[in-house]
Amino acid sequence: MSDVRKPFPFREFELQWQQRWESEKTFRTPGPGDVAFDPAKPKYYVLDMFPYPSGAGLHVGHPEGYTATDIIGRYKRMTGHNVLHPMGYDSFGLPAEQYAIKTGQHPAITTAANIENFRRQLKSLGFAYDWDREIATTDPEYVRWTQWIFLQIYNSYFCEDSNKARPVSELEAKGWTREQIDEVRLAYVADTPVWWSPDLGTVLANEEVEEWKGKGHTVERRPLRQWMLRITKYAQRLIDELDTLDWPDGIKLLQKNWIGRSEGASVQFQISNFESQIEVFTTRPDTLFGATYMVLAPEHPLVLEITTAGQKDAVEIYQKSIASKSDMDRGDLNKDKSGVFTGAFAVNPVNDVKIPIWIADYVMMGYGTGAIMAVPAHDERDFEFATKFGLEIKEVVAAVCDRRTNPGETSDNRSAAEIAGGNHRPPLQSATCDPGIAINSGFLDGLPTAEAKAKMIHWLESNHLGKRRIQYKLRDWLFSRQRYWGEPFPVVWKDGQHHAISENELPLLAPPLDDYKPSGSPEPILTKATGWVNLPDGSVRETNTMPQWAGSCWYYLRYCDPSNTNRFISHEAEAYWTSDKPGMVDLYVGGTEHAVLHLLYSRFWHKVLYDLGHVTTPEPFQRLVNQGLILGEDGQKMSKSRGNVVNPDDVVREYGADALRLYEMFMGPLEQVKPWQMKGVEGVSRFLARVWRVALEEQQDGSFRISPKIQDIPCTDKELLRVVHETIKKVGEDIDKLSFNTAISQMMICTNAFTQTEIVPLREFTQFLTVLNPFAPHLAEEINARIGGKGMLSEQTWPAYDPAALVRSEIEFIIQVNGKLRDRLMLSKDAGETAAQSAALASAKVKEHTDGKTIRKIVFVPGKLLNIVAN
RNA sequence: GGCGGCUUGGCGGAAUUGGUAGACGCGCUCGACUCAAAAUCGAGUUCCAACGAGUGUGGGUUCGAGUCCCACAGCCGCUACCA
């Protein structure tokens with residue numbers, strides 16, 4: 001961009017160092033089986049969320065997390081660890097295919113080009129990756145093992161007794177039929193209503209629907225035959241084992257809420273004049289006496305059967321209106337309750353009261369049983385519905401206001417005795433009433449909610465009318481897509497049954513196709529490749545493909561042993577790179593956007609592999625850190641439309657890779673959301689130039705020579721020595737804490753000290769460069785080489801600080817009167833209370849504020865402060 | 001509506017177990033160098049003329065609160081009829 005001469009020649013040396021690191025394989029990580037492998041070295045596995053190689057290239061959010069992990073990786077290497085810090089590409093997926101369609105090029109071509117661009121950008125930032133371990137999820141060898149893992153899942157079932165996945169071969173041995181086994185596989189085919197997007201030409205997982213709708217695509221509900229993964233079997237383990245992980249509480253909570261466990265009961269309601277029963281799930285079985293009507297989801301299979309002739313037209317019209325509205329934003333529909341009476345009645349099992357059965361879209365087919373018992377007095381939604389349609393509202397729980405402050409009083413100021421005496425009025429609005437006391441509820445009357453629930457469940461179970469039940473929001477994972485750019489399923493169909501293909505046929509790659517545009521029909525694209533689909537023995541290939549998540553579910557495993565052709569990861573590599581903790585990866589850094597998708601799917605796959613004995617830890621990621629979003633200079637989210645996007649390439653060109661790395665780390669705490677400021681980049685760039693000038697002087701001809709201030713003599717400046725050792729100490733501690741911004745500020749202080757001193761001792765300055773190296777490796781290496789340093793800093797050990805250099809003989813004590821700062825006194829660091837006290841009382845400034853007052857108390861904090869309390 | 005996070009100068013942000021509020025950087029002001037400018041180096045910079053006041057607001061605990069407790073407000077993110 002600008003031709004202005006740079007204060008330090010980063011353009012000359014950054015590329016040179018990058019090339020040297022690459023050609024010398026400085027950051028190659030030896031693993032088991034390697035000649036250079038030393039099993040005695042402690043391992044450290046630090047992982048980045050690998051990028052999806054879009055056409056837009058890296059954005060500044062990528063280098064944020066990547067620089068953080070790079071600093072940690074380089075630091076751990078310097079402290080004697082065998083560090084695994086790899087990089088790869090999540091290169092399958094819908095966006096790649098959309099991009100290919102847009103540009104008219106085959107996704108294989110655009111993906112290769114995008115990867116190449118990402119690789120160039122990553123390399124231009126000097127990250128210490130072991131490039132020999134680079135992987136892309138689209139690599140045929142990678143696809144092979146993705147498909148292999150799918151087959152492990154396909155060939156497993158969830159054994160309820162051992163609470164883990166087991167091979168289906170065990171069931172075969174027990175004489176189960178093929179049909180019975182297909183019913184329990186962890187990968188199964190089901191006809192379910194799914195989210196179908198005509199313009200994307202594929203179905204989407206529940207989790208993905210919002211994202212694509214947000215991008216302007218249409219999505220509608222359709223029943224289709226799809227592959228599902230039985231993740232719901234792992235719901236409880238996915239909740240429980242979160243406790244073993246060092247993850248931010250917010251992310252754990254997000255996953256817990258997503259899995260959405262609730263405890264309650266299922267209850268059977270007999271339909272009047274019908275054989276059928278309707279089962280409902282409720283978290284409030286204690287309110288059963290207050291169930292005054294029932295609601296079925298409009299799609300509920302019993303609706304047509306029970307609807308009376310008189311209501312048939314109304315019900316059908318309503319069902320159609322719901323179906324046609326299905327691709328509208330539900331939020332708009334939610335403002336008002338709607339529904340239709342079926343004409344049928346159910347019998348409330350506790351009191352034999354006949355209650356009307358309605359259908360309404362506020363009850364969804366996908367959760368619970370698709371039917372509810374409505375208790376309008378104690379559920380907001382039911383209350384709203386009952387109020388609108390004039391249905392009976394019966395209060396069955398007396399809310400206890402606040403037992404600690406007003407024992408015995410209820411929320412509407414009536415005593416429990418009044419309510420028990422029947423002196424109650426209908427509630428003006430619904431109340432959740434938990435905890436509360438059961439009223440108007442027969443055998444439950446007078447019981448607090450928790451006990452009433454237990455008693456009702458017991459009653460239901462002994463009368464065979466229902467049972468205790470735990471319900472999860474989590475649904476099975478819709479695993480198939482109709483797109484071209486994904487892993488084909490390693491499955492063929494014959495006589496209506498699916499069969500796994502043999503392992504030695506893997507990888508099964510998609511055939512070349514010229515036209516992979518969405519056709520508007522839900523037929524998978526691969527159906528067009530008839531030569532590929534139809535096999536000589538009359539069987540046909542499965543034409544669905546896997547979602548993008550498949551590749552990202554296990555990539556961290558492949559990095560450990562990326563070129564293994566016999567297994568997805570060798571037992572040796574897995575054993576070495578795993579830890580004694582539940583999670584395999586020591587540190588995983590990435591954005592929050594994957595809190596419930598990738599991070600949940602990965603945990604699920606890992607647990608299946610663990611159950612089947614393929615890996616030795618139950619969790620993939622021990623410690624997780626989320627980097628905060630980087631906003632534009634205007635404080636808004638970066639976006640093309642706002643025009644506030646910062647391109648890392650531009651920053652590297654203008655200020656250098658070290659400046660970009662350092663700035664992103666200096667902006668603020670890693671996990672915090674923070675706005676970009678180009679002036680801040682200039683600031684750190686200026687800092688780097690100051691470091692440069694400590695060592696190197698520019699000459700008339702523009703070349704640099706070693707500054708005469710640099711001298712290879714012992715450091716006699718105690719103050720300088722203290723700053724250097726404080727810096728060594730603080731930077732190390734701050735890296736451990738991931739507090740990079742404060743580490744950098746300490747290095748700035750140290751540089752200022754070097755700038756202001758007359759003699760810069762070579763030894764101390766080199767120690768400083770070693771500490772700076774993980775942050776600004778190009779600059780540190782270059783200066784070190786120019787001042788005659790031997791070898792590469794990247795291969796040095798981290799310097800130890802000298803505690804003796806840190807001690808100060810005198811410390812500034814703070815003297816307060818009534819908690820207010822009145823004087824500062826230089827005293828010996830071990831000054832006792834008596835010495836400090838007499839010095840303080842002698843201070844004129846203190847006297848000003850204590851004159852005429854009586855000293856009541858003196859608080860002394862050794863080495864810090866003295867507070868005189870006087871009035 | 002629910003859940004989570006955040007709130008400190010003109011700006012980004014520092015502040016061990018409660019113990020000097022504003023480290024470090026940006027911006028700004030002044031000075032040096034220069035014919036001049038840029039760059040660089042040096043000094044200063046929370047507000048107020050001053051007394052004093054001051055970490056979103058109001059209370060509380062404490063010798064002492066940005067930090068702990070209670071109540072409230074505002075911004076941001078996620079989620080949304082989950083029975």
Side-chain angles (χ1 to χ4, degrees), chain A residues 4-5 7 210 248-254 256-258 260-262 264 280-284 287 295 297 330-331 333-335 337 360-364 366-375 378-382 384-385 471-475 592-593 595-596 626 628-629 631 633 635-637 662-663 666-669 671-684 686-687 689-690 693 698 733 739 741-749 751-752 755-756 812-824 856-861 863-871:
Chain A
V4 180
R5 199 186 63 245
E210 281 310 314
D249 288 338
I251 300 294
K252 288 188 182 182
L253 198 63
L254 230 42
K256 276 185 193 165
N257 291 343
W258 188 266
R261 179 193 154 104
S262 34
V280 303
F281 171 73
T282 175
T283 54
R284 294 297 304 272
T287 61
V295 186
R330 280 193 94 88
L333 290 169
N334 293 347
K335 284 176 185 154
K337 289 280 180 291
D361 67 348
Y362 82 92
V363 173
M364 285 161 304
Y367 181 75
T369 61
I372 61 157
M373 62 177 219
V375 185
H378 305 288
D379 179 280
E380 258 179 74
R381 296 150 301 177
D382 297 343
E384 202 184 309
F385 192 81
Q471 181 69 41
Y472 300 93
K473 273 199 279 187
L474 185 70
R475 322 279 166 84
T592 341
E593 66 273 18
V596 284
N626 290 121
L629 198 65
L631 305 173
E633 298 235 22
Q636 300 291 111
K637 213 169 184 166
L662 210 64
Y663 172 64
F666 188 59
M667 291 172 83
E671 301 189 57
Q672 194 167 300
V673 178
K674 39 207 180 287
W676 185 273
Q677 293 187 129
M678 211 45 104
K679 282 284 184 191
V681 185
E682 283 179 30
V684 291
R686 224 172 284 169
F687 158 67
R690 274 165 81 88
R693 279 195 302 270
E698 187 166 15
E733 288 169 355
S739 179
N741 54 333
T742 53
I744 293 166
S745 108
Q746 181 62 38
M747 290 190 284
M748 287 172 168
I749 291 169
T751 302
N752 291 344
T755 302
Q756 283 163 356
E812 189 180 71
F813 274 70
I814 298 312
I815 311 303
Q816 298 179 329
V817 177
N818 293 331
K820 286 189 180 156
L821 175 72
R822 294 305 179 190
D823 203 0
R824 305 152 195 268
R856 301 288 174 196
K857 189 176 176 183
I858 291 179
V859 180
F860 177 69
V861 180
K864 233 174 209 150
L865 111 177
L866 187 90
N867 185 17
I868 300 164
V869 185
N871 61 12

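Letters A, B, ... mirror the listed sequences (proteins, then strands); counts begin at 1.
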Please report, rounded to the nearest Å, how far the C1' atom of B:A80 is from the CD atom of A:Glu380. 13 Å
Any base atoms under 4.0 Å from A:Val673, or only sugar-phosphate, or nothing? Heavy atoms, all strands. sugar-phosphate
Could you state the CZ-P distance from A:Arg824 to B:U20, rounded to the nearest angstrom? 10 Å
B:A14 and B:U62: how far apart are their C1' atoms, nearest whole angstrom? 25 Å
Taking atom P in both B:G60 and B:G10, compute the distance separating them and give it to the nearest angstrom. 28 Å
A:Lys256 NZ to B:G4 P, in whole Å, measures 12 Å
Contact class for A:Lys674 (heavy atom, under 4.0 Å): base, sugar-phosphate, or nothing? sugar-phosphate
Please measure how far the C1' atom in B:G25 lies from the corresponding atom in B:G9, and state the result in whole Å. 14 Å
B:U7 to B:C68 separation - P atoms, rounded to the nearest Å: 12 Å
Select one nucleotide: of B:C3, B:G12, B:A83, the one nearest the side-chain heavy atoms of A:Tyr367. B:A83
Hey, could you give me the CG/CG distance between A:Leu821 and A:Asn867, rounded to the nearest 0.5 Å? 10.5 Å
Set of ring pair (Phe, Tyr, Trp, His ring centres under 6.0 Å) partners for A:Phe687, sequence neighbours left out: none
Inter-residue atom distance A:Lys674.NZ - A:Met667.CE, 0.5 Å rounding: 6.0 Å
Considering only atom P, compute the distance from B:U20 to B:C35 and round it to an integer number of Å. 49 Å
Nearest heavy atoms of A:Tyr663 and A:Gln677, plus distance in Å: OH-N, 2.9 Å
Kindly determine whether A:Met678 and A:Glu633 satisfy side chain to side chain contact (heavy atoms under 4.5 Å, CB included), including the steps that lead there. CA-CA 8 Å; A:Met678 211 45 104; A:Glu633 298 235 22; 3.2 Å; yes
Please state the P separation for the pair B:C3 and B:C11 - nearest whole angstrom. 32 Å
Without decimals, in angstroms, what is the distance between A:Lys820 NZ and B:G64 C1'? 11 Å
Interatomic distance where NZ belongs to A:Lys857 and P belongs to B:U62 [whole Å]: 10 Å
Give the rounded distance in Å between these two atoms: CH2 of A:Trp258 and C1' of B:U79. 8 Å
A:Ser739-A:Thr742 side chain donor-acceptor pair, cut-off 3.5 Å: yes
Is A:Arg822 close enough to B:U20 that one of its side-chain N or O atoms is under 4.0 Å from OP1 or OP2 there? no
Within the structure shown, what part of the strands sits under 4.0 Å from A:Leu253 by heavy-atom distance: base, sugar-phosphate, or nothing? sugar-phosphate
Rounded to the nearest 0.5 Å, what separates atom CG in A:Asn626 from atom OG1 in A:Thr592? 4.5 Å
Nearest heavy-atom neighbours spanning A:Asp382 and A:Ala374: OD2-CA, 3.3 Å
Among B:A83, B:C63, B:U16, which is the nearest nucleotide to the side chain of A:Ile372? B:A83
Ignoring the backbone of A:Asn257, work out which of B:G19, B:C3, B:A83 is nearest its side chain. B:C3
With side chains defined as the heavy atoms from C-beta onward, is the minimum distance between A:Ile372 and A:Tyr362 less than 4.5 Å? yes
From B:U20, B:G64, B:A83, nucleotide with atom closest to A:Thr282 side chain: B:A83
Which value, rounded to the nearest 0.5 Å, describes the distance between A:Gln471 atom CD and A:Thr283 atom OG1? 10.5 Å
Look at all strands and tell whether A:Ser262 reaches a base, only sugar-phosphate, or nothing, counting heavy atoms closer than 4.0 Å. sugar-phosphate
By nearest nucleotide on RNA chain B, pick out whichever of A:Val859 and A:Phe281 is the more 5' one. A:Val859
CG of A:Asp249 versus P of B:G5: gap in Å, rounded? 8 Å
Rounded to the nearest 0.5 Å, what separation is found between the OG1 atom of A:Thr751 and the CD atom of A:Gln746? 10.0 Å
Whole-Å P distance, B:C6 and B:G56: 13 Å
In whole Å, what separates the P atom of B:G64 from that of B:G12? 32 Å
Shortest non-hydrogen contact from A:Val363 toward A:Val295: CG2-CG1, 3.5 Å
For a quick check, with a 4.0 angstrom heavy-atom cut-off, what is the B/S/- contact string for nucleotides 21-26 of chain B, read 5' to 3'? --BBSS
Side-chain atoms of A:Gln756 come closest, of B:A43, B:C81, B:A53, to B:A43
Of the candidate nucleotides B:U40, B:C63, B:G13, which contains the atom at the shortest distance from the side chain of A:Val869? B:C63
Ranking A:Ile868 and A:Tyr663 by the position along RNA chain B of their nearest nucleotide, the one closer to 5' is A:Tyr663
Please classify the glycosidic conformation of B:G66 as syn (within 90° of 0) or anti (everything else). anti
Length of the line joining A:Glu633:CD and B:G12:C1', which is rounded to integer Å: 11 Å
Base-pairing string, 5' to 3', of RNA chain B - Watson-Crick or wobble, under 3.5 Å, | interstrand: (((((((..(((......[....)))((((((.......))))))((....))..(((((..]....))))))))))))....
